Number of protein chains: 2
Amino acid sequence: MNPAKRKRLESRGWRIGSSKEFLRLSEQENAYIELKLALAENLKKRRLEKKLTQVELAKLLQSNQSRVAKMEAGHPSVSLDLLVKSLLALGTTKQDIAGIILQE
Amino acid sequence: MNPAKRKRLESRGWRIGSSKEFLRLSEQENAYIELKLALAENLKKRRLEKKLTQVELAKLLQSNQSRVAKMEAGHPSVSLDLLVKSLLALGTTKQDIAGIILQE
DNA sequence: TGATTTTATGTCAAATATGGCATATAATTG
DNA sequence: CAATTATATGCCATATTTGACATAAAATCA
C-alpha cells in the first residue's frame, strides 16, 4: 500500500494492518528465525570440523561455553551479530555466509 | 587500507583511534563492518525505490526516523538484527540478502 | 528567497544481549 | 559400572541496543 493512500485512510480513522500484512509479519519472523538457525547450525558444523569443544571455541571468541551452546542452538538471546562475528572468527568468508543464508 | 575507505567508515561514526590501531582492524572486524554497510546501503536503496521517507519507513518498522537514519548510515549502534529485520520488512528475500552480502 | 519537508545527530531511560558462573544432563572413556 | 569430559540450561550484573524525543542541518518547494 502506498504511503499516500495509507495516510488518507488513516486520517479517516482506518486502522491499516490487513490480514495479508499480518501473514507477512509471520513470514518475516519465520525468515529471520530460519536465517538465524542456518547460521547457528553452520557454526556448530564448523566447530566440529575443526575438532574444537565448546569450551575451546568459547576461549577463541572470548566468550564462554554456555553462550556457545546457546549460539549453536539458535537461542533467542543470541544476536545475529554474535553469530556472524563468531563465524568470521572461524574463518568463514562472506561467500560462505551468503551460501549459508541461501540454504533451504 | 586506503584513506578513502577509512574516511568512509569514520564518517559513519566508526571510532577509529590512531592509524596504527586502525590498521590493526582484523580482517574479521573489517568483514563485519563491510557486511553491515552493505546491508545499510541496500536498505536505503530499497526505501528510495519504494518512495518512502524515513518517517514512513520508521512507522512501518515501528521505530523512529532517527534510528532509520542511523540504520542507513550503518552506524555502530545499529545491530545486524535490526538491519536484517528491516530489510525483511521491506520484502527482501533471503536470496536478496545473500546477494547483498556477496557484493564487492 | 523563505517556508516546508526530509534527513542527520545527540541524549536518555528502558529493553535486550552479553560474559561469567553454577549446575544439570548427556556423552565418552576406561 | 564409575569417572571423566562435553554440552545444555538457568540466573544475574553489566554492557549494548532500542525507541522516543529534541534539535540541527540539508534538501525541496512555492
Side-chain angles (χ1 to χ4, degrees), chain A residues 2-8 10-11 17 25 28-29 32-33 35-37 39-90, chain B residues 7-17 28-29 32-33 35-37 39-90:
Chain A
N2 76 58
K5 183 177 183 182
R6 174 184 286 264
K7 198 170 183 179
R8 278 205 309 279
E10 285 179 341
S11 68
L25 267 189
Q28 288 168 218
E29 179 86 357
Y32 169 74
I33 293 175
L35 180 50
K36 213 160 132 175
L37 288 181
L39 295 172
E41 287 168 12
N42 199 273
L43 179 68
K44 179 169 187 172
K45 179 168 168 283
R46 282 168 196 273
R47 173 178 66 82
L48 293 176
E49 281 171 1
K50 291 179 184 293
K51 301 192 189 307
L52 297 173
T53 66
Q54 289 183 347
V55 170
E56 288 167 332
L57 177 55
K59 178 174 279 186
L60 195 70
L61 302 175
Q62 305 189 87
S63 181
N64 54 77
Q65 180 268 326
S66 70
R67 187 132 304 270
V68 171
K70 283 159 192 162
M71 277 194 253
E72 292 183 351
H75 191 275
S77 78
V78 174
S79 70
L80 279 185
D81 296 73
L82 187 62
L83 280 168
V84 167
K85 285 178 178 175
S86 299
L87 282 166
L88 292 173
L90 281 179
Chain B
K7 190 175 182 183
R8 180 167 174 250
L9 296 182
E10 285 180 335
S11 69
R12 289 162 192 263
W14 295 95
R15 271 190 242 104
I16 291 136
Q28 42 186 338
E29 286 169 321
Y32 169 75
I33 294 173
L35 179 50
K36 219 161 129 174
L37 289 181
L39 295 172
E41 287 167 9
N42 198 273
L43 180 69
K44 179 168 187 172
K45 179 168 167 286
R46 283 168 197 272
R47 174 179 66 82
L48 293 176
E49 281 171 1
K50 292 178 182 294
K51 301 192 191 307
L52 297 172
T53 66
Q54 290 183 348
V55 169
E56 288 167 333
L57 176 55
K59 188 172 185 183
L60 196 69
L61 302 175
Q62 305 188 87
S63 181
N64 55 78
Q65 180 268 326
S66 71
R67 187 132 302 271
V68 171
K70 284 158 190 162
M71 277 193 253
E72 292 184 351
H75 191 273
S77 78
V78 175
S79 71
L80 277 185
D81 296 72
L82 188 62
L83 279 168
V84 167
K85 285 179 177 174
S86 299
L87 282 165
L88 292 173
L90 281 179

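Keep in mind that this is a model prediction, so the values were computed, not measured.
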Rounded to the nearest 0.5 angstrom, the CZ-CG distance for A:R67 and A:L61 is 11.5 Å

Whole-Å distance between C:dT5 C1' and B:Q54 CD? 12 Å

Any side-chain N or O of A:R47 below 4.0 angstrom from OP1/OP2 of D:dT7? yes

Check step by step if side-chain contact (heavy atoms from CB on, under 4.5 Å) holds for A:E72 and A:Q54. CA-CA 10 Å; A:E72 292 183 351; A:Q54 289 183 347; 3.1 Å; yes

Exactly one of A:K51, A:R47, A:K45 clears salt bridge (charged side-chain N to carboxylate O under 4.0 Å, His left out) with A:E49, and that residue is A:K45

Do A:L90 and A:L52 come close enough that some side-chain heavy atom pair is under 4.5 Å? yes

Nearest 0.5 Å, what's the CD-CG distance between B:E29 and A:L88? 10.5 Å

For atom CD of B:E56 and atom P of C:dT6, their distance in whole Å: 7 Å

Rounded to the Å, how far apart are B:K45 NZ and C:dT7 P? 17 Å

With B for base contact, S for sugar-phosphate-only contact and - for none (protein heavy atoms under 4.0 Å), nucleotides 13-30 of chain C reads ----SBBBB---------

note: A:E72, atom CD; D:dT7, atom P; distance rounded to Å ~ 7 Å

Here the pair of heavy atoms bringing A:S86 nearest to A:L43 is CB-CD1, 4.0 Å

